Amino acid sequence: MKRKILIISSVPLVIFLLFCNDVKSIPVSSFIIIPAGINRTAYTNSSSVYKIESSDEDFTLPVSSNQQIISVKNQTEKTEILITAGDSPIPADSNLSKFLKNTPYLNTDKESILKAALKFKKSKDPIKDVSVFVYNHISDKKLGIPLLPASMILAGKAGDCTEHSILTVSLLRALGIPSRAVMGVILSEDFSGNKDVFVYHMWVEAVKDGRWILVDATRPYDFYPNRYIALAYHSLMTEMPSDYLQAISAIQDMKITFIK
């Protein structure tokens, strides 16, 4: 096994990537980004504006249920994107069939997943109830587990944000609710002794009333959309799809500045 450690001096970002015959997924503790300009309003406002900078001239960010693009400036050896983050559900796609598909990691054809999903068939708010169930069911909150299929997560009851997200998408799709996994970073007041930092995170978007909404089973009762920055969607078809790897590569020297 080879370990590659990338330390970018211009940004306090450390990424540990483990390479072997099968590339292991990146745990929550893999990297930390210390943003500039953070103050208490980042934790009290319902929406926030951030400036994201990267030396990758092709660097992009998606529009998501909590993220809108204000402007993009492409300069020589630099891209600067201004975003607003907050609760901003976006219209669902016209064709949602791909967000209902089974994948090697979702196991929506497995008896255990179908049985677990049945509990929410008559729920008035199945998206919320599934996220609460996943939060309580994954009782062993541990970091660094390689990407696992949903049926194994259901049985093992252990994991971090990745496992919470995979199981949530699996159960929602088993219920016929279009959903997808989002990879990005989240602002944390305290993470591993570091104050006011962005850390790797995975969460979910699901369709409710014709719009994509943010769902986070790691904190189903109390989450703040303005603290999330979406970088890419994860297909959950393979462990590390190309767009996921491109996003990881692009943020190796990414800078985040809190504007307001």
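For this chain, numbers begin at 1 and follow the sequence in order. Given the structure is predicted, the values throughout are model-derived calculations rather than measurements. These numbers come from the heavy atoms of this one structure, side chains and all, not from hydrogens, waters or symmetry mates.
- For F198 and Y50, the ring centers sit closer than 6.0 Å to each other.
- At least one donor-acceptor pair closer than 3.5 Å links the side chain of N226 to the backbone N or O of A42.
- Within 6.0 Å of CD in E111 there are 12 or fewer heavy atoms belonging to other residues, nucleotides or ligands.
- Looking only at atom types and distance, the side chain of T41 has a donor-acceptor partner in the side chain of N39 under 3.5 Å away.
- Closest of all the heavy-atom pairs between I113 and A174 is CG2-CB, 4.1 Å.
- Counting heavy atoms from C-beta outward, L154 and K115 have side chains that stay 4.5 Å or more apart.
- Nearest heavy atom pair, residue T238 against residue Y105, reads C-CE1, 3.7 Å.
- Under the 4.5 Å side-chain contact rule for hydrophobic residues, I70 and I259 share a cluster.
- Residues K51 and L82 meet the side-chain proximity criterion, which asks for heavy atoms closer than 4.5 Å.
- Here CG of D109 is found 7.5 Å from CG of L114. Values are rounded to the nearest 0.5 Å.
- Listed here is the closest heavy atom pair of T168 and H164: OG1-O, 2.7 Å.
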Apply side-chain contact (heavy atoms from CB on, under 4.5 Å) to H137 and L171, showing your working. CA-CA 13 Å; H137 185 77; L171 294 174; over 6 Å; no

Show your working on side-chain contact (heavy atoms from CB on, under 4.5 Å) between K101 and L106 and close with a plain yes or no. CA-CA 9 Å; K101 288 182 177 180; L106 292 179; over 6 Å; no

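- Rounding to the nearest 0.5 Å places OG1 of T108 at 9.0 Å from CG of L100.
- Here D56 contributes atom CG and M254 contributes atom CE; the two are 11.5 Å apart, rounded to the nearest 0.5 Å.
- In this structure, the side chain of N74 engages the main chain of E57 through a donor-acceptor pair within 3.5 Å.
- A cation-pi arrangement is present between R227 and Y224 under the rule of less than 6.0 angstrom and at most 45 degrees off the ring axis.
- Interatomic distance, CG of D87 versus CG of L214, reported as 8.0 Å (0.5 Å rounding).
- Contact between T79 and F59 at its shortest, heavy atoms only, is CG2-O, 3.6 Å.
- I81 and V63 fall within the same hydrophobic cluster, defined by Ile, Leu, Val, Met, Phe, Trp and Tyr side-chain heavy atoms under 4.5 Å apart, directly or through other members.
- Under the 3.5 Å distance criterion, the side-chain polar atoms of H234 are left unmatched by any main-chain donor or acceptor of P241.
- In this structure, CD on E163 lies 7.0 Å from CG on L147, to the nearest 0.5 angstrom.
- Looking only at side-chain heavy atoms (C-beta outward), I69 and L61 come within less than 4.5 Å of each other.
- In this structure, OG on S151 lies 9.5 Å from CG on L167, to the nearest 0.5 angstrom.
- For the pair R180 and W212, the cation sits on the ring face: its NZ or CZ lies under 6.0 Å from the ring centre, inside 45° of the axis.
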Could you walk me through whether F99 and D93 satisfy the side-chain contact (heavy atoms from CB on, under 4.5 Å) test, starting with their C-alpha distance in whole Å, then the side-chain angles of each, then the deciding distance to 0.1 Å, before giving a yes or no? CA-CA 10 Å; F99 303 113; D93 314 54; 3.9 Å; yes

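- Between T103 and V169 the shortest side-chain heavy-atom distance does not fall below 4.5 Å.
- Ring geometry for Y228 versus H201: interplanar angle of 30 to 60°, hence tilted.
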Yes or no on side-chain hydrogen bond (donor to acceptor under 3.5 Å, both in side chains) for D216 and T218, after CA distance, side-chain angles and deciding distance? CA-CA 5 Å; D216 191 345; T218 68; 2.7 Å; yes

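- When every heavy atom of C161 is checked against every heavy atom of Y200, the shortest pair comes out as SG-CE2, 4.3 Å.
- Annotation: side chain of I177 is in contact with side chain of P126 (closest heavy-atom distance under 4.5 Å).
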Return all side-chain donor-acceptor pairs below 3.5 angstrom for residues 127-135, not counting sequence neighbours, or 'none' if the list is empty.
from, atom 1, to, atom 2, distance (Å)
K128, NZ, P220, O, 2.2
D129, OD2, S123, OG, 2.4
S131, OG, K128, O, 2.7

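- Within the 3.5 Å criterion, the main-chain N or O of A150 finds no donor-acceptor partner in the side chain of S170.
- The shortest distance between side-chain heavy atoms of S54 and K78 does not fall below 4.5 Å.
- Look at R211 and E205 and you find no salt bridge, because none of the NZ, NE, NH1 or NH2 atoms lies under 4.0 Å from a carboxylate O.
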For S192 and N194, run side-chain hydrogen bond (donor to acceptor under 3.5 Å, both in side chains): C-alpha distance rounded to whole Å, both residues' side-chain angles, the deciding distance at 0.1 Å, then the answer. CA-CA 6 Å; S192 296; N194 297 278; 5.4 Å; no

Stepwise, does the side-chain hydrogen bond (donor to acceptor under 3.5 Å, both in side chains) test hold for N95 with S97? CA-CA 6 Å; N95 184 357; S97 59; 2.9 Å; yes

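- If you chain together hydrophobic residues whose side chains sit under 4.5 Å apart, I33 and V49 never meet in one group.
- Counting non-hydrogen atoms of neighbouring residues, nucleotides and ligands closer than 6.0 angstrom, the NZ atom of K141 exceeds 12 such neighbours.
- The side-chain contact (heavy atoms from CB on, under 4.5 Å) test with I52 singles out one residue from I229, V72, L231, T257, and that residue is I229.
- In terms of modelled atom types and a separation under 3.5 Å, the side chain of N102 and the main chain of N107 share a donor-acceptor contact.
- Note: the hydrophobic cluster containing M237 does not contain M202 (ILVMFWY, side chain heavy atoms under 4.5 Å, direct or indirect links).
- Looking only at distances, a side-chain donor or acceptor of N66 sits under 3.5 Å from a matching main-chain atom of P225.
- Considering all non-hydrogen atoms of both residues, Y43 and S188 come closest at OH-O, 3.4 Å.
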